[in-house]
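If you're wondering where the values come from, they're calculated on a predicted model, not measured in any experiment. All ligand and atom numbering here is 1-based and tracks the order in the structure.
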Amino acid sequence: MKELRKFDKVVNLAKTKGFIFPSSEIYGGLNSIYDYGPLGTELKNNLKKSWFDFMLARRDVVGLDSAILMHPEIWKASGHLDGFSDPLVDCKKCKGRFRADNLLEKKGIKPTFGKDKSPDMGDMKCPECGGELTEVRQFNLMFKTFMGPLEESANQIYMRPETAQGIYVNFLNVMGSMRMKMPFGIAQIGKAFRNEITPGNFTFRMREFEQMEMQYFVHPDKTKEVFDKWQELRMEWYKDLGINPENLKFREHESDELAHYAKRALDIEYNFGFSKNETFKELEGIHHRGDWDLSQHQKYSKQKLSVKDEEGKEYIPNIIETSGGVDRATLAFLMDAYTEIEGGRTTTTESNKAAEVVLKLDKRLAPIKIAVLPLSKKPDLADTSNKVYDMLVGKYRIAYDETGSIGKRYRRQDEIGTPYCVTIDFDSLEDKQVTVRDRDTMEQERIAIDEVENYFEKKFK
Ligand code: GAP
């Protein structure tokens with residue numbers, strides 16, 4: 001039997017343990033749209049909070065939550081109506097449809113792009129049936145909808161393909177209301193939508209996804225130092241939250257790959273290991289967008305978007321952007337935390353000898369922080385167990401599990417990444433102590449019940 005890849009195991013765990021479900025599953029699913037289950041919601045919320053806290057820990061960055069639907073002129077100004085497209089090929093024989101550059105990458109060929117952003121396909125054939133492929137065509141990725149009751153082109157609007165534009169069009173509002181001085185940044189997390197040609201690899205490429213973007217407005221002379229600073233800061237964020245540095249790297253974009261707005265782009269890549277030729281893939285982009293966005297919005301909105309330097313000279317701020325995917329980051333953290341221990345970590349019972357899964361998520365990301373586990377379902381333990389549960393429940397996400405052997409319950413918590421388990425046994429009734437077990441070291445400590453709150457305050461500091 002073919003050995004499952006780590007990626008497949010993570011996808012399976014995500015589904016069976018309540019992290020990520022295919023959307024609309026009872027209707028057969030909706031291609032590349034996913035729902036987050038109870039644990040996935042917690043994990044994603046922890047990740048987003050960590051990002052926002054990280055961004056706003058700087059005096060010069062403030063937050064925003066702009067709408068998904070915006071004035072349609074914005075997409076003309078931003079260049080998305082004309083330039084936000086992917087190269088598409090069809091198979092003349094089996095009618096399969098593919099993203100041209102992905103076909104090349106899957107074969108280990110680095111795409112080279114022409115002036116129209118179409119890659120040179122050489123003598124590439126259909127990967128499904130070997131049939132001849134059509135010429136490359138450009139396909140706009142924006143989802144369209146209509147505002148108001150009439151479905152006519154005058155009422156056509158778009159689902160935003162990036163959150164960034166909501167920040168640019170609020171540049172003046174934020175600067176004025178918050179009395180921000182140049183340079184400064186605006187951070188926002190929100191949904192984005194792209195009608196991807198070939199989505200796939202689970203939540204890596206979806207049609208509805210979430211972005212966490214920060215746009216830093218700066219004088220054109222200062223862009224290099226700002227770019228360098230954010231490049232380092234963003235890499236540190238992933239490492240600090242537990243991703244193995246060996247699985248992360250930077251990749252500079254070649255000039256023929258740059259998006260229409262970018263002067264320079266550098267990706268932070270994670271080793272997703274989707275296939276032999278698809279190991280490191282983009283997690284986040286750091287982009288030098290120059291004055292493209294504000295100049296374009298100034299032109300189209302006819303509102304002045306320039307600021308004055310110290311000598312009173314007017315300039316359009318340049319933008320350094322950090323643009324990460326919440327779903328991609330969630331997937332990367334899940335993959336990096338997924339650890340399988342052949343033969344199990346303990347040998348006290350037969351079941352422990354099976355391969356054991358431990359999700360070594362950083363404590364700050366773990367969906368459940370503490371599991372309260374009465375050793376037995378007997379009513380004698382219920383009072384003390386409920387007391388411990390009530391002590392902790394408002395402060396942390398807590399699980400309460402009293403079914404199955406204690407070994408199995410520990411493993412259930414290990415698989416979903418719970419850092420600590422608190423076991424209440426019959427001795428607890430006498431000595432007023434409980435056992436705290438650490439997920440990673442499996443060390444067990446006896447702690448006085450009265451000390452439990454203090455103990456966890458220190459652990460989660
Ligand atoms: N504002 C710039 C921008 O949107 P991008 O490189 O197109 O840049 C930024 O996207 C990030 O958004 C990517 O690094 C990725 O993490 C995430 N992303 C983009 N398309 C995605 C998709 N179809 N599914 C999931 N995440 C996506």
Side-chain angles (χ1 to χ4, degrees), residues 20 23 30-34 36 44 47-48 51 64 66 68 70 74-75 78-80 83-86 99 101-102 117 139-143 158-169 185-216 227 230-231 234-235 237-238 243 248-253 257-270 272 274 280-290 292-294 296 319-335:
I20 304 171
S23 162
L30 185 63
N31 195 358
S32 77
I33 310 280
Y34 290 91
Y36 283 78
K44 198 153 81 118
L47 191 141
K48 289 193 281 185
W51 182 88
L64 184 77
S66 68
I68 288 170
M70 292 190 270
I74 287 174
W75 306 113
S78 70
H80 282 81
F84 192 59
S85 49
D86 273 345
R99 200 173 127 171
D101 49 341
N102 285 171
K117 297 266 169 206
F139 170 77
N140 194 292
L141 300 180
M142 281 200 293
F143 277 101
Y158 301 89
M159 312 283 279
R160 67 178 176 199
E162 61 170 8
T163 63
Q165 299 301 325
I167 295 183
Y168 307 142
V169 298
I186 304 178
Q188 135 157 283
I189 297 178
K191 289 265 183 170
F193 302 83
R194 294 182 190 177
N195 198 1
E196 300 280 0
I197 301 166
T198 42
N201 286 331
F202 195 40
T203 53
F204 179 81
R205 198 178 302 286
M206 300 152 87
R207 291 192 166 117
E208 173 182 339
F209 57 99
E210 235 175 330
Q211 289 186 312
M212 37 194 186
E213 297 199 303
M214 192 279 309
Q215 313 295 325
Y216 200 86
F227 193 105
W230 282 103
Q231 168 182 346
R234 291 306 302 139
M235 183 60 111
W237 183 78
Y238 290 103
I243 297 217
L248 289 164
K249 69 172 187 176
F250 289 119
R251 187 181 77 83
E252 186 82 41
H253 281 220
E257 288 178 80
L258 291 175
H260 62 275
Y261 52 73
K263 282 189 155 177
R264 182 184 167 200
L266 178 114
D267 288 343
I268 296 177
E269 294 191 332
Y270 176 73
F272 285 100
F274 295 135
F280 280 87
K281 300 285 284 177
E282 176 183 346
L283 197 52
E284 168 158 350
I286 322 288
H287 307 135
H288 178 354
R289 298 179 69 130
W292 163 265
D293 299 279
L294 291 189
Q296 287 290 103
I319 289 161
I320 302 298
E321 163 183 74
T322 69
S323 175
V326 176
D327 311 272
R328 273 190 203 177
T330 305
L331 182 59
F333 280 108
L334 276 174
M335 287 197 62

Out of Q215, H253, R194, who gets a non-hydrogen atom closest to atom 7 (O) of ligand 1? R194
For the 3.5 Å polar cut-off, considering only N or O atoms, please tell me whether G325 and ligand 1 meet it. yes
Within the 4.0 Å heavy-atom shell around E284, which atoms of ligand 1 are there? 14 (O)
Give the contacting part of R289 toward ligand 1: side chain, backbone, both or neither, where contact means a heavy-atom distance below 4.0 Å. side chain
If you measure only the distance, is there a donor-acceptor pair under 3.5 Å linking the side chains of Y216 and E321? no
Should the pair E252-R264 be classified as a salt bridge under the 4.0 Å nitrogen-to-oxygen rule? yes
Below 4.0 angstrom from a heavy atom of S323, which ligand 1 atoms are there? Numbered from 1 as shown, please. 1 (N), 2 (C), 3 (C), 4 (O), 8 (O), 9 (C), 10 (O), 11 (C), 14 (O)
Is the shortest N/O to N/O distance between M206 and ligand 1 below 3.5 Å? yes
Has Y34 got any heavy atom lying under 4.0 angstrom from an atom of ligand 1? no
Atoms in ligand 1 flagged as close to E321, the criterion being non-hydrogen separation under 4.0 Å: 1 (N), 2 (C)
I'd like to know whether the aromatic ring centres of F193 and F209 sit less than 6.0 Å apart in this structure. no
So does E196 get a backbone contact from the side chain of R207, meaning a donor-acceptor N/O pair under 3.5 Å? yes
In this structure, atom 25 (C) of ligand 1 is nearest to the protein heavy atom F204 O, 3.2 Å
Considering distance alone, does some N or O of F209 sit under 3.5 Å from an N or O of ligand 1? no
When E210 is tested against each of R328, R160, K48, K191 for salt bridge (Lys or Arg N to Asp or Glu O under 4.0 Å), which residue passes? K48
Could you check atom 12 (O) of ligand 1 against the protein and tell me its nearest heavy-atom contact, residue, atom and distance included? Q211 NE2, 3.3 Å
Please check whether R207 reaches ligand 1 - meaning an N/O of the residue sits under 3.5 Å from an N/O of the ligand, judged on distance alone. no
Polar side chain donor-acceptor pair, E284 to Y238, under 3.5 angstrom: yes
Under-4.0 Å heavy-atom contact with ligand 1, by part of E282 that carries it: side chain
Looking only at distances, can you tell me whether any N or O atom of T203, backbone or side chain, sits closer than 3.5 Å to an N or O atom of ligand 1? no
Lys/Arg-Asp/Glu bridge criterion (N-O < 4.0 Å) met for R289, E162: yes
Ligand 1 versus F84: contacting region, heavy-atom distance under 4.0 Å: neither
Numbered atoms of ligand 1 (with element) below 4.0 Å of E213, judged on heavy atoms: 1 (N), 2 (C), 3 (C), 4 (O)
Side chain, backbone, both or neither: which part of L283 has a heavy atom under 4.0 Å from ligand 1? backbone
Report the member of Q165, H287, E210, E162 with the shortest heavy-atom distance to atom 8 (O) of ligand 1. H287
Is there a side-chain contact between V326 and Q211 in this structure, where contact means two heavy atoms from C-beta onward sitting under 4.5 Å apart? no
Could you tell me if the ring centre of F272 sits under 6.0 Å from that of F204? yes
If you define the side chain from C-beta out and look only at heavy atoms, does anything of Y270 sit under 4.5 Å from I268? no
What residue and heavy atom of the protein are closest to atom 15 (C) of ligand 1, and at what distance? R328 NH1, 3.5 Å
Verify the distance criterion only: is there a donor paired with an acceptor across the side chains of D327 and Y36 at less than 3.5 Å? yes
When you check the gap from the basic side-chain N to the acidic O, do E269 and R251 get nearer than 4.0 Å? yes
List ligand 1 atoms under 4.0 Å from Y261, heavy atoms only on the residue side. 2 (C), 3 (C), 8 (O)
